[in-house]
Amino acid sequence: MIVVLKPNVGQEKKDRLIEWLKGMGLGVHISEGEYQTVLGLIGDTAKVDMELIDSLDIVDSVKRVSETFKCCNRKFHPDDTVVNIGDVKVGGGNFVLIAGPCSVENEDQIVSVAKDVKAAGANLLRGGAFKPRTSPYDFQGLKGEGIELLKIARKETGLPIVTEIMSIDDLPLFEDIDVLQVGARNMQNFDLLKELGQTGKPILLKRGLANTLKELLMSAEYIMASGNENINLCERGIRTYSDYLRNTLDLAAVPMLHELSHLPVIVDPSHATGIARMVPPMAMAATAAGADGLIIEVHNDPPHALCDGAQSLRPEEYAELVKKIKAVREVL
Ligand code: PEP
Ligand code: MN
């Protein structure tokens, strides 16, 4: 249920209403907009007397929210959420460029790619230290050592770092990481989501290979219900009948997620297509569709990459692409 307050309601009256609602055993999510405050009520609202609340002089309107996702629902929070990652802002008109190799391989590699993507205009460095691979015989990532190398690359460039967490047990290693990525394969690892809710850290939540938008939003809800609102949703392609492409990039997910939720939406054209030459057109299309950012794989030597070389851009290709993305943004 949402309770929209009239404009310019005094703080004392607002607090009294919130306390009264909490006294009924409800969670109250407060969204302070530019003109109005919206209270999102969570819990058993069946017994709440809507007419009574509606009749209060400080209340503008009361509505039931039928969707099962509440905290991430646009109705609970009409303004776009802006996620802050150091000095970098995502959402609400702030566009973010995230780039780097699929896997951190060694210090020279990650530092050189970090410098190159920074020079091209990237705001955040991505690199996998823990890699969820389909085959147990494939490179599994440098794990803790990879995290340390990412920190070196951050020190060299000043770029905040994004890296994937696969297990709650690894959380202590991620204390100093700027953005924790939840990979497609872990989108419904609910124990992990709940634990990430406790961290308060910015999260990049990727859509599962075969998950609906509602399921993605319910996963965001797990993190938010546990107390963390700093979530970036990520469309990274889904399994369809696609034969020549790794996945199908669901671009309509971008405006639909914006309609349903206030969270920023980032697009990953690398995993969505699996082919480096498909990345630029899809990156531009995603930008035109209103994405709040792009996460793109960039490698200094794609043919010899330990993971996802076929979809990785070379630094100079990435630099060219960034110019085009900026041109698309200007048109918008
Ligand atoms: C990745 O970002 O390298 C990755 C494994 O992505 P996804 O979880 O989307 O497959
Ligand atoms: Mn990858």
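Just so it is clear, the values below take in all heavy atoms, side chains as well, and ignore hydrogens, waters and symmetry mates. Because the structure is predicted, anything quoted here is derived from the model rather than measured. The first residue in the sequence is number 1, and the count goes up from there. In each ligand, atom 1 is the first atom listed, and ligand 1 is the first ligand listed.
Counting heavy atoms of neighbouring residues, nucleotides and ligands inside a 6.0 Å radius, atom CZ of Arg239 does not exceed 12 of them.
Within 4.0 Å of ligand 1, protein heavy atoms come from Cys102, Arg126, Lys131, Glu164, Gln181, Gly183, Ala184, Arg185, Lys206, Arg236, His271, Glu297.
With respect to the salt-bridge test (charged N to carboxylate O, under 4.0 angstrom), the residues Lys214 and Glu67 do not qualify. Remark: Arg207 engages Asp250 in a salt bridge, criterion side-chain N to carboxylate O under 4.0 Å.
Residues Leu233 and Ala220 come closest through the heavy atom pair CD2-CB, 4.0 Å.
Under the side chain to side chain contact (heavy atoms under 4.5 Å, CB included) criterion, Glu156 pairs with Val111, Lys115, Ile152, sequence neighbours left out.
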Can Phe69 and Tyr222 be said to form a ring-ring contact (aromatic ring centres under 6.0 Å, His included), step by step?
CA-CA 9 Å; Phe69 51 91; Tyr222 260 96; over 10 Å; no

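Applying the under-4.5 Å side-chain rule to Ile, Leu, Val, Met, Phe, Trp and Tyr, the cluster around Met278 extends to Leu245, Ile275.
Checking each of Arg236, Arg246, Lys206 against Asp268 for a salt bridge (charged side-chain N to carboxylate O under 4.0 Å, His left out) leaves exactly one that passes, namely Lys206. Checked options Leu97, Leu204, Val83; the residue passing with Ile266 is Leu204 (criterion: side-chain contact (heavy atoms from CB on, under 4.5 Å)).
Of all protein atoms, those of element N, O or S that lie under 2.8 Å from the Mn ion (ligand 2) number 4.
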